[in-house]
Amino acid sequence: MNLGNTVLVWVISFVVVTLFFYGLDHMVMSSQDLPLNLNLTPAQ
Amino acid sequence: MWLKTLLTVSPAAAASVPKQGRTKWCLWLASIMVVMGLGQLLGISPVDSLQAAEVVAQGSAEVLKGAPELAAADYPRVGNSSSRAVVWILAQMHLFFAAFVLAVPLFVVVIEWVGVKTGDARYDDMAHEFMKVSMTAYSITALFGGTLAFALFLLYPDFMGYMLEVFGSQVLVYALLFFLESAILYMYYYSWYALRYGNAKYVHLSLGLLLNVVGTTLLVIANAWATFMMAPSGVDANGAVTGDIWEIIRGPLWNPVNLHRFIANIAFGGAIVGAYAAYKFLSGRSNTEKAHYDWMGYTSNFIAVLSFLPLPFAGYWLMAEVYAYSQQMGITAMGGILAWLFIVQAVLIGTILLASNYYLWSGMSRTEGSYRYKWLVKYIAIVLTGGFLVWVTPHTLILSAKEVAALGGSHHHLLGPLGIMPAKNIAVNLMLIVTFLSFQLYRRSDKVATVSWAPAGNALMVAIYVIAVVNVIFAGVYYGYFTNTVYKVGSSVMQVVSTLVVIVAGVVIDGMMYKGAKKLPSEWGKVSNRSQYALFALPVAFTWLMALMGYVRSSVRGSWHVYTVMKDSSPDNFIPAIGYAGNMMTIVTVMFLLCVLFVFWIASLSSTKQIPPDSQ
Amino acid sequence: MGTLPKVLGFSLALTLVFTVTANLLPQVEGEPPKEEKVDLGALTMDSFIALGESAFNGKGTCTLCHNNLGRAPDLLEMNVGEAAKERLADSRYQGKASDIEGYLRESMTDPSIYVVAGFGKKGSNDTESPMPAVDKKPIELSAVQIDAIIAFLQSKDGNEVTVALPTEAAVEDSEPTGTVAATPAVAAAATVEEAIAKYGCSACHSVYDTESPVGPDLRDVGSRLGEEEIRQSIIDPAAVIAEGFPAIMPANFAERMTVKELGLLVQGLAAMQ
């Protein structure tokens with residue numbers, strides 16, 4: 001496995017996992033009727 | 001399957017099961033299902049039929065009799081002793097031993113089954129040795145149970161009278177099952193070598209399962225008494241019985257307590273037999289002896305920690321049900337006068353996590369392959385210590401006037417934010433994640449992955465750890481400190497889910513990545529003496545923790561024998577201060593430890609033979 | 001050293017750590033409910049309201065949920081009279097009450113008749129209240145105590161108090177045992193003890209031999225606060241709130257106390273070290 005390939009594998013892993021966790025957070029919050037609310041606005 | 005894979009450590013144990021054996025145990029499993037169904041019938045149906053009789057009897061009664069109303073003079077006292085203290089000690093001792101003897105057969109049957117499946121006789125020997133330890137403990141359980149019942153009837157006669165009136169014939173079912181449990185226990189233990197091979201082994205395994213069915217039924221019957229006292233059901237507001245026995249048993253807290261106690265018992269039992277193994281390891285002379293007890297200690301620790309990890313979730317369910325039943329009760333436990341003891345709980349759980357991590361790191365010396373992961377240990381230690389410190393930072397610091405002046409308020413401006421829930425949630429989740437990391441590194445240390453996608457799998461695993469940790473911290477910091485309160489609770493679920501993802505992904509990825517992996521040489525017994533003290537720290541902390549949580553569970557009732565139904569008018573009808581309770585917990589823990597040492601001694605005595613005088 | 005003493009020593013030392021931790025924490029004992037006779041003949045409206053307040057903070061355990069943590073409507077913060085009027089006018093209101101007093105009594109004895117939006121049991125869509133009926137077990141407030149709480153809730157925002165003072169006859173009818181919590185004294189207090197009893201400090205604070213975890217402990221308040229700080233804490237409780245405690249101390253003590261009583265209390269508390 002060459003270097004470029006290795007870097008690619010790591011980048012893909014991190015991107016995939018980040019997206020997965022983003023989706024998961026979304027799911028967890030929406031199942032409790034809450035938005036992710038990433039823009040620091042107060043709730044309600 | 002996964003359990004077996006996890007339990008299997010040595011290459012010798014990885015022998016495949018012959019085809020014929022497989023069909024045999026499939027058949028056996030099927031027959032077990034039938035036996036379990038029967039056990040269910042045996043356990044429940046007598047209750048149902050008795051209950052029917054009771055309902056008929058009640059139907060004819062015209063006025064429903066409620067719980068008695070007592071005055072302080074109605075409580076007999078023996079000398080100047082506190083009745084509560086007497087019952088507290090006896091009940092706690094009975095519960096410690098009962099938890100132990102009910103838990104041991106649960107994992108013994110699993111280990112015995114692994115022994116059959118792998119054909120490795122060491123599993124069978126270890127399972128037998130675990131049982132041997134619990135046999136003496138069984139007699140002590142009964143002894144304390146009897147003394148407890150005697151003390152209760154002597155010191156709280158009216159309360160016991162009311163409980164008997166409510167539960168009636170269910171208590172008889174309990175007594176019957178107790179005799180059944182004893183009979184099966186002795187049969188299971190003493191037939192071990194008589195029913196060791198071939199089809200006879202399946203008879204023996206079935207006995208073991210039957211033992212657990214009866215044991216667990218005993219547990220849930222006894223739980224019903226405790227949960228009835230916390231959240232009575234099947235009675236009216238005055239305590240008069242209105243429902244059938246099933247309604248009385250199945251209160252809102254019954255199942256949460258059942259699950260919580262079931263899991264906690266296994267963790268507790270594992271910790272106790274771990275101490276046995278550690279004790280034998282330390283006093284062992286030969287290398288084979290040391291290797292055997294090292295392995296036994298490792299297995300016990302594995303059982304204890306594995307069943308310890310889901311406990312917070314069972315506890316969460318229990319507390320959620322307590323809140324749903326009575327918000328007042330929930331707040332008393334979590335936010336009121338009992339809230340302080342969660343600091344002690346943090347110290348105890350911190351001890352448990354530190355000890356089990358330390359044990360895993362020490363165990364890495366068993367194989368040379370561990371040098372690849374050793375560098376990570378210090379970072380795990382830092383996270384654990386940091387998390388522990390955040391967790392025990394109390395919300396309100398108790399300070400003298402001078403300290404208040406020095407800090408500019410009763411709340412430290414830097415430490416203050418660490419004392420609140422989001423910070424503690426971050427700490428706990430990170431501690432659980434790194435504990436799993438320790439475990440995963442230990443599991444990996446004697447293997448080299450040979451699958452072609454190993455680098456990608458590794459990258460994925462590292463990414464999951466990093467992103468999960470970031471997510472836990474982000475959820476805690478962002479939702480805990482920067483947006484409003486509504487999100488705090490919501491985001492803690494996010495943290496728990498992140499932790500669970502790490503654990504599940506770790507088990508799945510490693511399971512696939514290390515299939516057919518190259519094994520590096522590793523040697524049981526090659527572990528420091530010091531590491532064995534972690535195996536003593538676990539049961540001590542578990543025992544104390546169990547006493548502590550029992551105090552909370554019982555105290556939330558306040559000044560009620562049976563919450564909302566029967567008032568406690570005895571001189572001890574208040575929630576004792578945490579210091580007094582702590583002293584009680586220490587008394588019972590020390591008493592229990594001494595009894596356990598006696599049990600260990602008896603267990604090793606039975607295998608000691610005196611050399612005949614004429615042979616010398 | 002042999003294995004046994006080492007193992008025993010290690011285990012005992014660890015147990016000691018846990019014991020010490022437990023003993024270092026603040027020592028609070030739960031208080032069993034105390035029942036005391038109230039002298040109904042000597043009751044004035046002021047002392048009746050004070051009785052309601054102490055029941056609200058003490059035996060009624062109302063502040064467990066009705067506080068600023070969002071578990072239930074913050075009764076001490078809101079204008080209860082205004083809120084009650086709005087709720088009676090709400091189209092969701094199904095109860096029988098027609099005035100504030102009736103609404104408050106109904107809310108206490110049958111909380112599920114009208115649940116304020118957002119405060120219902122989870123999943124009940126605000127049709128079921130998590131609040132227990134206060135006249136039933138485990139709280140068991142008497143009819144007199146419920147009336148006193150209504151009087152307190154009405155008076156605290158300066159609304160008209162419509163509850164009538166209880167008469168001996170009414171008590172005989174509604175409550176055969178006739179027991180109610182703490183007697184408020186009517187005359188001006190002459191000693192610190194009397195002042196503490198008169199203003200019901202022990203409903204929230206641990207003081208002398210009574211324990212209450214709602215407010216800061218007063219038994220050693222002199223070691224934490226000076227006289228001026230104590231005076232400020234009584235006159236204007238909201239100025240400095242002790243960490244970890246809810247901001248629920250009534251702000252009207254300054255109006256209710258005589259100058260002499262305030263002086264007595266400040267000096268007496270400062271001496272508690």
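In what follows, every chain begins at residue 1, and chains take the letters A, B, ... in the order their sequences are listed. Just so you know, these numbers come straight off a predicted model, no measurement behind them.
With contacts defined as side-chain heavy-atom distances shorter than 4.5 Å, the pair B:V501/A:F21 qualifies.
Rounded to the nearest 0.5 Å, atoms OG1 (A:T18) and CD1 (B:I464) are 11.0 Å apart. To the nearest 0.5 Å, atom NE2 of residue A:H26 and atom CE of residue B:M494 are 9.0 Å apart. Rounded to the nearest 0.5 Å, atoms CD1 (A:I12) and CG (B:L460) are 11.0 Å apart.
At a 4.5 Å heavy-atom cutoff, the contact between B:A468 and chain A is made by backbone and side-chain atoms alike. For A:V28, the part lying under 4.5 angstrom from a heavy atom of chain B is the side chain only.
Other residues, nucleotides and ligands contribute only 12 or fewer heavy atoms inside 6.0 Å of the CZ atom of A:F20. The 12-atom threshold is exceeded at NZ of B:K374, counting heavy atoms of other residues, nucleotides or ligands nearer than 6.0 Å. Heavy atoms from other residues, nucleotides or ligands lying under 6.0 Å from CD of B:E368 number 12 at most.
Taking the ring-ring contact (aromatic ring centres under 6.0 Å, His included) definition, one finds that B:F474 meets it with B:Y478, B:Y479, sequence neighbours left out. The salt bridge (charged side-chain N to carboxylate O under 4.0 Å, His left out) search around B:D510 returns B:R444, not counting sequence neighbours.
When every heavy atom of B:A456 is checked against every heavy atom of A:S13, the shortest pair comes out as O-OG, 4.3 Å.
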